[in-house]
Amino acid sequence: MDANQSGTGLIGKSKAELDTPVLLVDLDAFDRNIATFVDYCSETGTDWRPHSKAHKCPEIARHQVNAGALGVTCAKLSEAEVMVEGGIGDILIANQIVTAAKHRRLAQLQRHARVISTVDDADVARRMGEVAVDVGESIPLLVDVNIGMDRTGVLPGEPVLELAGIVASTEGLQLEGIMGYEGHLLDVHPPLKKIEAIHAALDGLIESKNLMLDRGLPCPIVSAGGTGSYMITAAYEGVTEIQAGGGTFTDLMYRDTCHVETFDFALTVLTTVTSEQSGHIVVDSGFKTLSSHHQEPALLGWDDLKLRYLSAEHGVFELPTPGCSHPRIGEQVELIVGYSDSTTVLHDQFVGLRDGIVEVVWEIRGRGKLT
Ligand SMILES: Cc1ncc(COP(=O)(O)O)c(C=O)c1O
(Lines give C-alpha, C1' and ligand atoms only; values in the text may rest on other atoms or scores of the structure.)
Protein backbone atom coordinates (compact mmCIF):
# COMPACT_ATOMS: atom_id res chain seq x y z
CA MET A 1 0.00 0.00 0.00
CA ASP A 2 1.51 3.36 -0.97
CA ALA A 3 1.49 6.51 1.15
CA ASN A 4 -1.64 7.86 -0.58
CA GLN A 5 -3.50 4.70 0.27
CA SER A 6 -3.23 5.10 4.03
CA GLY A 7 -5.26 7.00 6.57
CA THR A 8 -7.63 9.86 5.99
CA GLY A 9 -6.28 10.56 2.47
CA LEU A 10 -8.63 7.86 1.26
CA ILE A 11 -11.84 9.38 2.60
CA GLY A 12 -14.23 10.34 -0.18
CA LYS A 13 -12.53 8.18 -2.82
CA SER A 14 -14.57 5.72 -4.84
CA LYS A 15 -13.88 2.00 -4.77
CA ALA A 16 -12.52 2.17 -8.31
CA GLU A 17 -9.91 4.71 -7.23
CA LEU A 18 -8.41 2.41 -4.59
CA ASP A 19 -5.15 0.67 -5.22
CA THR A 20 -5.24 -3.07 -4.61
CA PRO A 21 -5.12 -5.29 -2.72
CA VAL A 22 -7.04 -3.56 0.05
CA LEU A 23 -9.22 -4.84 2.89
CA LEU A 24 -12.74 -3.40 2.63
CA VAL A 25 -15.64 -3.19 5.03
CA ASP A 26 -19.12 -2.71 3.60
CA LEU A 27 -20.45 -0.37 6.30
CA ASP A 28 -24.13 -1.01 5.58
CA ALA A 29 -23.65 -4.77 6.00
CA PHE A 30 -21.43 -4.16 9.06
CA ASP A 31 -24.13 -1.99 10.71
CA ARG A 32 -26.83 -4.55 9.88
CA ASN A 33 -24.75 -7.38 11.36
CA ILE A 34 -24.18 -5.45 14.59
CA ALA A 35 -27.91 -4.68 14.79
CA THR A 36 -28.69 -8.38 14.28
CA PHE A 37 -26.55 -9.30 17.31
CA VAL A 38 -27.91 -6.44 19.44
CA ASP A 39 -31.55 -7.16 18.58
CA TYR A 40 -31.22 -10.88 19.22
CA CYS A 41 -29.47 -10.35 22.55
CA SER A 42 -32.11 -7.87 23.60
CA GLU A 43 -34.84 -10.36 22.59
CA THR A 44 -33.23 -13.15 24.61
CA GLY A 45 -32.22 -10.93 27.56
CA THR A 46 -28.52 -11.71 27.13
CA ASP A 47 -25.56 -9.34 27.23
CA TRP A 48 -23.36 -9.11 24.14
CA ARG A 49 -19.60 -9.09 24.70
CA PRO A 50 -18.34 -9.72 21.15
CA HIS A 51 -15.00 -11.43 20.66
CA SER A 52 -12.73 -8.85 19.04
CA LYS A 53 -10.17 -11.30 17.63
CA ALA A 54 -11.47 -10.87 14.07
CA HIS A 55 -11.04 -7.08 14.06
CA LYS A 56 -8.50 -6.24 16.81
CA CYS A 57 -9.61 -2.65 16.33
CA PRO A 58 -10.76 -0.29 19.13
CA GLU A 59 -12.81 1.87 16.72
CA ILE A 60 -14.85 -1.18 15.73
CA ALA A 61 -15.15 -2.17 19.39
CA ARG A 62 -16.51 1.31 20.12
CA HIS A 63 -19.09 0.88 17.35
CA GLN A 64 -20.18 -2.39 18.94
CA VAL A 65 -20.38 -0.81 22.40
CA ASN A 66 -22.23 2.27 21.13
CA ALA A 67 -24.74 -0.07 19.49
CA GLY A 68 -25.37 -1.93 22.75
CA ALA A 69 -22.49 -4.33 23.48
CA LEU A 70 -21.46 -4.56 27.12
CA GLY A 71 -17.77 -4.48 26.20
CA VAL A 72 -15.57 -6.87 24.24
CA THR A 73 -13.87 -10.23 24.61
CA CYS A 74 -10.16 -10.57 23.80
CA ALA A 75 -7.87 -13.58 23.52
CA LYS A 76 -4.70 -11.88 24.73
CA LEU A 77 -3.68 -9.39 27.43
CA SER A 78 -1.94 -7.13 24.89
CA GLU A 79 -5.17 -6.99 22.86
CA ALA A 80 -7.02 -5.94 26.01
CA GLU A 81 -4.41 -3.22 26.60
CA VAL A 82 -5.07 -1.86 23.11
CA MET A 83 -8.82 -1.92 23.77
CA VAL A 84 -8.43 -0.11 27.11
CA GLU A 85 -6.27 2.51 25.41
CA GLY A 86 -9.04 2.87 22.83
CA GLY A 87 -11.62 3.62 25.53
CA ILE A 88 -13.31 0.25 26.08
CA GLY A 89 -14.28 -0.02 29.74
CA ASP A 90 -15.38 -3.63 30.23
CA ILE A 91 -13.32 -6.48 28.80
CA LEU A 92 -13.11 -10.24 29.15
CA ILE A 93 -9.82 -11.96 28.33
CA ALA A 94 -11.09 -15.47 27.63
CA ASN A 95 -7.80 -17.10 28.51
CA GLN A 96 -5.76 -18.00 31.56
CA ILE A 97 -2.83 -15.64 32.13
CA VAL A 98 0.02 -17.48 33.78
CA THR A 99 3.22 -15.45 34.25
CA ALA A 100 3.96 -13.01 37.06
CA ALA A 101 4.86 -10.22 34.62
CA LYS A 102 1.51 -10.57 32.90
CA HIS A 103 -0.34 -10.82 36.22
CA ARG A 104 1.16 -7.44 37.08
CA ARG A 105 0.03 -5.92 33.75
CA LEU A 106 -3.44 -7.36 34.28
CA ALA A 107 -3.64 -5.98 37.82
CA GLN A 108 -2.42 -2.55 36.69
CA LEU A 109 -4.95 -2.51 33.86
CA GLN A 110 -7.74 -2.60 36.49
CA ARG A 111 -6.92 1.06 37.23
CA HIS A 112 -8.31 2.01 33.82
CA ALA A 113 -11.08 -0.50 33.05
CA ARG A 114 -12.72 -3.66 34.33
CA VAL A 115 -10.64 -6.42 32.73
CA ILE A 116 -11.92 -9.86 33.67
CA SER A 117 -9.77 -12.93 33.00
CA THR A 118 -10.25 -16.68 33.37
CA VAL A 119 -8.58 -19.49 35.31
CA ASP A 120 -8.59 -23.26 35.24
CA ASP A 121 -5.75 -23.84 37.72
CA ALA A 122 -5.70 -23.21 41.47
CA ASP A 123 -1.96 -22.43 41.70
CA VAL A 124 -2.21 -19.87 38.92
CA ALA A 125 -5.16 -18.27 40.71
CA ARG A 126 -3.21 -18.05 44.01
CA ARG A 127 -0.15 -16.55 42.30
CA MET A 128 -2.35 -14.06 40.45
CA GLY A 129 -3.94 -13.03 43.75
CA GLU A 130 -0.52 -12.39 45.35
CA VAL A 131 0.52 -10.09 42.51
CA ALA A 132 -2.81 -8.27 42.60
CA VAL A 133 -2.39 -7.63 46.34
CA ASP A 134 1.13 -6.34 45.71
CA VAL A 135 -0.17 -3.96 43.02
CA GLY A 136 -3.05 -2.93 45.29
CA GLU A 137 -5.79 -4.01 42.89
CA SER A 138 -8.33 -6.82 42.66
CA ILE A 139 -8.59 -9.00 39.53
CA PRO A 140 -12.06 -10.16 38.44
CA LEU A 141 -12.08 -13.80 37.32
CA LEU A 142 -14.29 -16.38 35.67
CA VAL A 143 -13.66 -20.08 36.15
CA ASP A 144 -13.07 -21.61 32.73
CA VAL A 145 -15.21 -24.74 32.29
CA ASN A 146 -14.50 -27.47 29.74
CA ILE A 147 -17.93 -28.11 28.25
CA GLY A 148 -16.68 -30.67 25.75
CA MET A 149 -14.21 -28.82 23.56
CA ASP A 150 -11.30 -30.34 25.50
CA ARG A 151 -9.08 -27.30 25.07
CA THR A 152 -8.93 -25.49 28.42
CA GLY A 153 -11.09 -25.48 31.53
CA VAL A 154 -11.97 -27.66 34.47
CA LEU A 155 -14.74 -30.20 34.17
CA PRO A 156 -18.27 -29.13 35.14
CA GLY A 157 -19.60 -29.84 38.64
CA GLU A 158 -17.31 -30.45 41.64
CA PRO A 159 -14.06 -29.29 39.92
CA VAL A 160 -15.71 -25.93 39.10
CA LEU A 161 -17.00 -25.64 42.63
CA GLU A 162 -13.58 -26.34 44.10
CA LEU A 163 -11.77 -23.78 41.93
CA ALA A 164 -14.53 -21.19 42.36
CA GLY A 165 -14.18 -21.60 46.15
CA ILE A 166 -10.41 -20.98 45.93
CA VAL A 167 -10.89 -17.87 43.77
CA ALA A 168 -13.58 -16.53 46.12
CA SER A 169 -11.35 -16.95 49.16
CA THR A 170 -8.10 -15.64 47.63
CA GLU A 171 -7.19 -12.08 48.51
CA GLY A 172 -6.67 -9.95 45.38
CA LEU A 173 -9.20 -11.95 43.33
CA GLN A 174 -12.89 -11.41 42.77
CA LEU A 175 -15.07 -14.30 41.61
CA GLU A 176 -17.35 -13.08 38.81
CA GLY A 177 -18.70 -16.38 37.48
CA ILE A 178 -17.89 -18.98 34.84
CA MET A 179 -17.32 -19.37 31.12
CA GLY A 180 -17.37 -22.22 28.62
CA TYR A 181 -16.95 -22.36 24.85
CA GLU A 182 -18.85 -24.84 22.69
CA GLY A 183 -16.41 -24.36 19.80
CA HIS A 184 -16.44 -28.10 18.98
CA LEU A 185 -20.13 -27.98 18.03
CA LEU A 186 -20.30 -25.06 15.59
CA ASP A 187 -20.46 -27.26 12.48
CA VAL A 188 -23.02 -29.79 13.75
CA HIS A 189 -25.81 -30.19 11.22
CA PRO A 190 -28.83 -30.38 10.79
CA PRO A 191 -30.13 -27.63 13.12
CA LEU A 192 -32.03 -29.89 15.54
CA LYS A 193 -28.95 -32.02 16.14
CA LYS A 194 -26.93 -28.86 16.73
CA ILE A 195 -29.45 -27.50 19.24
CA GLU A 196 -29.44 -30.80 21.13
CA ALA A 197 -25.64 -31.01 21.23
CA ILE A 198 -25.18 -27.41 22.36
CA HIS A 199 -27.89 -27.71 25.00
CA ALA A 200 -26.17 -30.82 26.37
CA ALA A 201 -22.85 -28.95 26.55
CA LEU A 202 -24.39 -25.88 28.20
CA ASP A 203 -26.20 -28.08 30.74
CA GLY A 204 -22.79 -28.65 32.37
CA LEU A 205 -22.22 -24.91 32.63
CA ILE A 206 -25.60 -24.18 34.18
CA GLU A 207 -25.38 -27.14 36.58
CA SER A 208 -22.03 -25.73 37.73
CA LYS A 209 -23.57 -22.31 38.23
CA ASN A 210 -26.41 -23.80 40.29
CA LEU A 211 -23.93 -25.72 42.45
CA MET A 212 -22.02 -22.49 43.07
CA LEU A 213 -25.16 -20.61 44.03
CA ASP A 214 -26.20 -23.48 46.36
CA ARG A 215 -22.87 -23.16 48.15
CA GLY A 216 -23.25 -19.39 48.47
CA LEU A 217 -20.64 -18.55 45.81
CA PRO A 218 -21.42 -15.62 43.52
CA CYS A 219 -21.94 -16.31 39.81
CA PRO A 220 -23.26 -13.15 38.15
CA ILE A 221 -21.62 -13.99 34.79
CA VAL A 222 -22.19 -17.13 32.74
CA SER A 223 -20.39 -16.53 29.45
CA ALA A 224 -20.33 -18.75 26.34
CA GLY A 225 -21.12 -18.72 22.64
CA GLY A 226 -19.59 -17.93 19.29
CA THR A 227 -21.01 -16.72 16.01
CA GLY A 228 -21.52 -20.32 14.95
CA SER A 229 -23.79 -20.98 17.94
CA TYR A 230 -25.04 -17.59 19.12
CA MET A 231 -28.74 -18.13 18.42
CA ILE A 232 -28.86 -21.30 20.48
CA THR A 233 -26.56 -20.14 23.27
CA ALA A 234 -28.03 -16.66 23.80
CA ALA A 235 -31.49 -18.22 24.15
CA TYR A 236 -30.34 -20.82 26.67
CA GLU A 237 -31.70 -20.19 30.16
CA GLY A 238 -28.92 -19.21 32.56
CA VAL A 239 -26.36 -17.90 30.03
CA THR A 240 -25.92 -14.21 30.88
CA GLU A 241 -23.63 -13.08 28.05
CA ILE A 242 -22.32 -14.30 24.72
CA GLN A 243 -18.85 -13.91 23.21
CA ALA A 244 -19.93 -14.18 19.56
CA GLY A 245 -18.20 -11.48 17.53
CA GLY A 246 -17.09 -12.69 14.11
CA GLY A 247 -20.57 -12.27 12.65
CA THR A 248 -19.91 -8.52 12.72
CA PHE A 249 -18.01 -9.12 9.46
CA THR A 250 -19.16 -12.66 8.79
CA ASP A 251 -17.26 -14.84 6.32
CA LEU A 252 -17.60 -18.04 4.32
CA MET A 253 -16.62 -20.22 7.29
CA TYR A 254 -19.60 -19.02 9.33
CA ARG A 255 -21.94 -19.33 6.33
CA ASP A 256 -20.79 -22.67 4.88
CA THR A 257 -19.33 -24.59 7.82
CA CYS A 258 -21.42 -23.22 10.69
CA HIS A 259 -24.61 -22.75 8.60
CA VAL A 260 -25.25 -19.28 10.05
CA GLU A 261 -27.32 -17.28 7.60
CA THR A 262 -28.39 -14.26 9.65
CA PHE A 263 -25.45 -12.04 8.65
CA ASP A 264 -24.29 -10.37 5.45
CA PHE A 265 -20.73 -10.49 4.12
CA ALA A 266 -19.16 -7.21 5.24
CA LEU A 267 -15.48 -8.03 4.74
CA THR A 268 -13.89 -8.37 1.32
CA VAL A 269 -10.50 -7.94 -0.26
CA LEU A 270 -10.53 -5.74 -3.35
CA THR A 271 -8.11 -7.23 -5.83
CA THR A 272 -7.06 -6.76 -9.47
CA VAL A 273 -6.71 -9.37 -12.22
CA THR A 274 -3.04 -9.43 -13.23
CA SER A 275 -2.93 -12.34 -15.67
CA GLU A 276 -5.29 -14.30 -17.95
CA GLN A 277 -4.36 -17.82 -19.03
CA SER A 278 -6.28 -20.43 -20.99
CA GLY A 279 -7.59 -22.29 -17.93
CA HIS A 280 -7.27 -19.75 -15.15
CA ILE A 281 -6.91 -16.13 -14.10
CA VAL A 282 -4.57 -14.63 -11.53
CA VAL A 283 -5.33 -11.84 -9.04
CA ASP A 284 -2.88 -9.74 -7.03
CA SER A 285 -3.81 -11.33 -3.69
CA GLY A 286 -2.11 -14.43 -2.34
CA PHE A 287 -1.57 -15.82 1.14
CA LYS A 288 0.20 -12.63 2.26
CA THR A 289 -3.08 -10.79 1.67
CA LEU A 290 -5.74 -13.28 2.69
CA SER A 291 -5.95 -16.74 4.08
CA SER A 292 -7.30 -20.14 3.14
CA HIS A 293 -7.11 -21.30 6.76
CA HIS A 294 -10.44 -22.94 7.76
CA GLN A 295 -12.08 -21.84 4.48
CA GLU A 296 -11.03 -20.62 1.05
CA PRO A 297 -11.96 -17.15 -0.23
CA ALA A 298 -14.39 -16.82 -3.16
CA LEU A 299 -14.68 -14.35 -6.04
CA LEU A 300 -17.75 -12.17 -5.46
CA GLY A 301 -20.14 -12.43 -8.40
CA TRP A 302 -18.08 -15.16 -10.11
CA ASP A 303 -19.35 -18.30 -8.40
CA ASP A 304 -18.11 -20.59 -11.20
CA LEU A 305 -14.48 -19.57 -10.75
CA LYS A 306 -13.04 -21.67 -7.92
CA LEU A 307 -9.78 -21.03 -6.12
CA ARG A 308 -7.03 -23.33 -7.40
CA TYR A 309 -4.42 -22.07 -4.92
CA LEU A 310 -2.96 -19.04 -3.17
CA SER A 311 0.78 -18.54 -3.47
CA ALA A 312 2.45 -15.66 -1.65
CA GLU A 313 1.26 -12.87 -3.93
CA HIS A 314 -0.93 -14.67 -6.47
CA GLY A 315 -4.48 -15.94 -6.20
CA VAL A 316 -5.12 -18.46 -8.97
CA PHE A 317 -8.75 -19.07 -9.97
CA GLU A 318 -9.79 -21.90 -12.24
CA LEU A 319 -12.02 -21.18 -15.25
CA PRO A 320 -14.78 -23.83 -15.53
CA THR A 321 -14.35 -23.93 -19.31
CA PRO A 322 -11.61 -22.34 -21.41
CA GLY A 323 -12.78 -19.06 -22.91
CA CYS A 324 -15.74 -18.68 -20.58
CA SER A 325 -16.72 -15.27 -19.32
CA HIS A 326 -14.38 -14.01 -16.59
CA PRO A 327 -12.93 -10.75 -15.22
CA ARG A 328 -10.22 -9.36 -17.50
CA ILE A 329 -6.70 -8.08 -16.88
CA GLY A 330 -6.81 -4.80 -14.95
CA GLU A 331 -10.37 -5.36 -13.76
CA GLN A 332 -11.08 -5.06 -10.04
CA VAL A 333 -12.88 -7.94 -8.33
CA GLU A 334 -13.75 -8.56 -4.70
CA LEU A 335 -12.85 -11.66 -2.76
CA ILE A 336 -15.24 -12.73 -0.02
CA VAL A 337 -13.05 -13.59 2.92
CA GLY A 338 -12.96 -17.30 3.85
CA TYR A 339 -11.93 -16.77 7.48
CA SER A 340 -11.70 -13.23 8.87
CA ASP A 341 -9.34 -13.87 11.82
CA SER A 342 -6.47 -15.11 9.69
CA THR A 343 -7.02 -12.44 7.03
CA THR A 344 -7.36 -9.19 8.98
CA VAL A 345 -4.05 -9.77 10.79
CA LEU A 346 -2.27 -9.46 7.44
CA HIS A 347 -3.44 -5.83 7.05
CA ASP A 348 -2.74 -2.46 8.65
CA GLN A 349 -6.20 -1.01 8.21
CA PHE A 350 -9.83 -1.50 7.27
CA VAL A 351 -11.20 0.77 4.57
CA GLY A 352 -14.92 1.26 5.21
CA LEU A 353 -17.21 2.14 2.30
CA ARG A 354 -20.83 3.16 2.01
CA ASP A 355 -22.48 3.28 -1.39
CA GLY A 356 -19.06 2.69 -2.96
CA ILE A 357 -17.39 5.71 -1.31
CA VAL A 358 -14.75 5.54 1.43
CA GLU A 359 -16.24 6.83 4.68
CA VAL A 360 -13.72 5.65 7.29
CA VAL A 361 -10.27 4.15 7.64
CA TRP A 362 -9.72 2.15 10.82
CA GLU A 363 -6.25 1.15 11.91
CA ILE A 364 -5.93 -2.47 13.07
CA ARG A 365 -4.13 -1.48 16.25
CA GLY A 366 -4.25 -4.94 17.77
CA ARG A 367 -2.35 -6.41 14.84
CA GLY A 368 0.77 -8.16 16.13
CA LYS A 369 -0.47 -8.00 19.72
CA LEU A 370 0.19 -11.59 20.69
CA THR A 371 1.44 -11.44 24.27
C1 LIG B 1 -13.13 -18.43 23.78
C2 LIG B 1 -13.86 -18.11 22.51
N3 LIG B 1 -15.07 -17.53 22.60
C4 LIG B 1 -15.78 -17.24 21.50
C5 LIG B 1 -15.29 -17.51 20.24
C6 LIG B 1 -16.15 -17.19 19.04
O7 LIG B 1 -15.77 -16.06 18.40
P8 LIG B 1 -16.43 -15.68 17.01
O9 LIG B 1 -17.83 -15.30 17.25
O10 LIG B 1 -15.62 -14.48 16.57
O11 LIG B 1 -16.29 -16.83 16.08
C12 LIG B 1 -14.04 -18.12 20.11
C13 LIG B 1 -13.53 -18.45 18.78
O14 LIG B 1 -12.44 -18.88 18.55
C15 LIG B 1 -13.30 -18.43 21.27
O16 LIG B 1 -12.12 -19.03 21.20
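Scope of the values below: all heavy atoms of this structure, side chains included, with no hydrogens, waters or symmetry mates. This structure is a prediction, so every number in the text was calculated from the model and none was measured.
Partner of Y236 under the side-chain contact (heavy atoms from CB on, under 4.5 Å) criterion, out of I206, I198, I242, L205: I206 alone.
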(request) Begin with the C-alpha distance, continue with both residues' side-chain angles, and end with the deciding distance and a verdict on side-chain hydrogen bond (donor to acceptor under 3.5 Å, both in side chains) for S52 and E79. (result) CA-CA 9 Å; S52 57; E79 292 174 342; 5.2 Å; no

(request) For side-chain hydrogen bond (donor to acceptor under 3.5 Å, both in side chains), just list the numbers for T20 and D284, CA-CA rounded to whole Å, side-chain angles, deciding distance to a tenth of an Å, and then say yes or no. (result) CA-CA 7 Å; T20 68; D284 62 2; 2.5 Å; yes

(request) Check step by step if side-chain hydrogen bond (donor to acceptor under 3.5 Å, both in side chains) holds for S229 and E182. (result) CA-CA 8 Å; S229 58; E182 65 282 19; 2.8 Å; yes

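Within the 3.5 Å criterion, the main-chain N or O of K194 finds no donor-acceptor partner in the side chain of H189. In terms of modelled atom types and a separation under 3.5 Å, the side chain of K306 and the main chain of D303 share a donor-acceptor contact. A distance-only check finds a donor-acceptor pair linking the side chain of T36 to the backbone of R32 [under 3.5 Å].
A29 approaches F265 most closely through the heavy-atom pair CB-O, 3.8 Å. Smallest separation of non-hydrogen atoms from C324 and L319: SG-CB, 3.9 Å. Heavy-atom minimum distance, T371 versus S78: O-OG, 2.7 Å.
Between F249 and F350, the distance from one ring center to the other falls under 6.0 angstrom. Residues Y230 and Y40 bring their aromatic ring centres within 6.0 Å. The ring of F30 has its center closer than 6.0 angstrom to the ring center of H63.
Both L23 and L290 sit in one connected hydrophobic cluster of ILVMFWY residues. Membership requires side-chain heavy atoms under 4.5 Å apart, directly or through other members.
Salt bridge annotation for E81-K369: absent, with no cationic side-chain nitrogen under 4.0 angstrom from a carboxylate oxygen.
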